[in-house]
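Structure first, then comments.
Lettering follows sequence order; numbering is per chain, from 1. What you see below is based on every heavy atom in this structure, not just the backbone, and it leaves out hydrogens, waters and symmetry mates.
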2 protein chains.
Amino acid sequence: MGHGIDGDTPTRSKEAVDAVARTMHALSTPSRVHLLLRLRDEPRTVGELVADVGMEQSAVSHQLRVLRHLGLVVGERDGRQIRYRLHDDHVAQLLDEAVFHVEHLTTGRVDPV
Amino acid sequence: MGHGIDGDTPTRSKEAVDAVARTMHALSTPSRVHLLLRLRDEPRTVGELVADVGMEQSAVSHQLRVLRHLGLVVGERDGRQIRYRLHDDHVAQLLDEAVFHVEHLTTGRVDPV
DNA sequence: TGAAAGTATGAACCACCGTTCATCCGTGTG
DNA sequence: CACACGGATGAACGGTGGTTCATACTTTCA
């Protein structure tokens, strides 16, 4: 797959590696994955998300903050509530692909080295 | 992308959510991303990887173990060394897509809620 | 304006995990 | 067989971060 950068021995620019790790970190806990998958379907308010995923309101806010800082979700006020949604289609695609690939490698098991 | 359960309010089968989080956890640290990206180019022995990523041999072994248990890489003996490679193309694709998407959302910044 | 609903925020707690250190196991070599 | 090399493994340490608790902020409503 073409990307753009380099052409010889990349050494994988540390920044790129860090960026991937930082973003993928968002998908590394069940709570955030749950929130993101819910938001992939439709925009939801914090209160709705709390009911959806069954975590405390504070925990949801904290995790939404993390996702916001990573540019994965955005939230806008609507009355006294705040409605969150995925930042753009890239996030939705990333989620879909993550789910897809994980389904296809649930083989992950024994493998005596 | 239903597989079996649900129909109305998916609740995103906790197992699927957990599986995604567990697998994405592999991409959530620079060290593992570095190792995986290196292995995406070509199979490498532990010693080569140590030289590539500049971590201690023990740390590399520990992280390779994590990746092995997740079914992302496999290793086979060759003399006294062990050569690792990505488990299959799914892993390579997942890596490519992760890098691709992360490049396209480095926008992650200010966004007053 | 006072109260309540909805959400954000900071601190503290605790568990997880990535790294290091020391050691052990397996495989070639003299 | 003894030794060196390559790699794995377990214990311990330290830092990160997810959750909870308590509280503050904003908006709506009576």
Side-chain angles (χ1 to χ4, degrees), chain A residues 14 17-39 43-70 72-85 110-113, chain B residues 14 17-18 20-39 43-70 72-85 108 110-113:
Chain A
K14 187 174 188 314
V17 170
D18 287 351
V20 171
R22 211 177 320 120
T23 298
M24 290 306 128
H25 181 65
L27 305 185
S28 68
T29 83
S31 59
R32 282 193 296 260
V33 170
H34 205 160
L35 289 173
L36 286 170
L37 285 180
R38 196 67 193 80
L39 290 176
R44 302 285 279 170
T45 69
V46 175
E48 291 171 334
L49 289 173
V50 168
D52 288 339
V53 306
M55 351 179 356
E56 297 213 347
Q57 179 269 320
S58 175
V60 171
S61 272
H62 278 298
Q63 297 309 323
L64 286 175
R65 186 171 126 94
V66 171
L67 296 176
R68 241 167 41 218
H69 284 17
L70 285 171
L72 298 182
V73 305
V74 291
E76 66 174 320
R77 275 217 110 93
D78 178 20
R80 12 188 185 194
Q81 22 204 31
I82 295 181
R83 193 174 317 278
Y84 279 87
R85 57 179 174 77
V110 286
D111 192 277
V113 51
Chain B
K14 186 173 187 315
V17 170
D18 287 352
V20 171
R22 211 177 321 121
T23 298
M24 290 305 128
H25 180 66
L27 304 186
S28 68
T29 83
S31 59
R32 283 192 295 261
V33 171
H34 205 159
L35 289 172
L36 287 171
L37 286 181
R38 196 67 193 78
L39 290 176
R44 301 285 278 170
T45 68
V46 176
E48 291 171 333
L49 289 172
V50 168
D52 287 340
V53 306
M55 351 179 354
E56 295 213 348
Q57 178 269 320
S58 175
V60 171
S61 272
H62 277 298
Q63 297 310 322
L64 285 175
R65 187 171 124 94
V66 171
L67 296 176
R68 241 167 40 217
H69 285 15
L70 285 170
L72 299 182
V73 305
V74 293
E76 67 173 321
R77 275 216 110 94
D78 178 21
R80 3 185 190 197
Q81 21 203 27
I82 296 181
R83 192 174 317 278
Y84 279 88
R85 57 180 174 78
V110 285
D111 193 276
V113 52

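- Two residues are said to be in side-chain contact when any heavy atoms from C-beta on lie closer than 4.5 Å; S61(A) and R65(A) fail this criterion.
- The nearest whole Å value for the distance from the CD atom in Q81(A) to the C1' atom in dT28(D) is 11 Å.
- Rounded to whole angstrom, the span from the CZ atom of R65(B) across to the C1' atom of dA11(D) amounts to 13 Å.
- Counting only heavy atoms from C-beta on, V46(A) has its side chain closest to dA8(C) among dA8(C), dG28(C), dG7(D).
- Between R77(A) atom CZ and dG6(C) atom C1' the separation is 8 Å, expressed in whole Å.
- Considering only side-chain atoms of R80(A), the nucleotide from dT27(C), dA8(D), dG6(C) that sits closest is dG6(C).
- Here the C1' atom of nucleotide dA5(C) and the CD1 atom of I82(A) are 13 Å apart, to the nearest Å.
- For the pair L35(A) and R38(A), the minimum side-chain heavy-atom distance is 4.5 Å or more.
- Note: NE2 (H25(A)) to P (dG15(D)) measures 17 Å, nearest angstrom.
- Separating the CG atom of L67(A) from the P atom of dA8(C) is a distance of 12 Å, rounded to the nearest angstrom.
- Regarding contacts with the backbone of dG18(C), a side-chain N or O of R32(B) is found under 4.0 angstrom from either OP1 or OP2.
- Residues E48(B) and G79(A) both approach DNA chain D. Their nearest nucleotides, taken by heavy-atom distance, put E48(B) toward the 5′ side.
- Partners of E56(B) according to the salt bridge (charged side-chain N to carboxylate O under 4.0 Å, His left out) rule, which considers only residues two or more places apart in sequence or in another chain, do not exist here.
- A side-chain contact (heavy atoms from CB on, under 4.5 Å) with M24(A) is found for one member of T23(B), T29(B), L27(B) and no other, namely L27(B).
- The separation between D78(A) atom CG and dT27(D) atom P is 13 Å, rounded to whole Å.
- Between dG6(C) and Y84(A), no contact under 4.0 Å exists linking OP1 or OP2 to a side-chain N or O.
- Regarding R44(A), its CZ atom lies at a distance of 15 Å from the C1' atom of dG6(C), rounded to whole Å.
- Residues of residues 55-64 of chain B that place a heavy atom closer than 4.0 Å to DNA chain D, in numerical order, are Q57(B), S58(B), S61(B), H62(B).
- Without hydrogens or angle criteria, R32(B) side chain to A26(B) main chain gives a donor-acceptor distance under 3.5 Å.
- Between the NZ atom of K14(A) and the NE2 atom of H34(B) there is a distance of 9.5 Å, given to the nearest 0.5 Å.
- For Q81(A), there are no side chain to side chain donor-acceptor pair (under 3.5 Å) partners at least two apart in sequence or on another chain.
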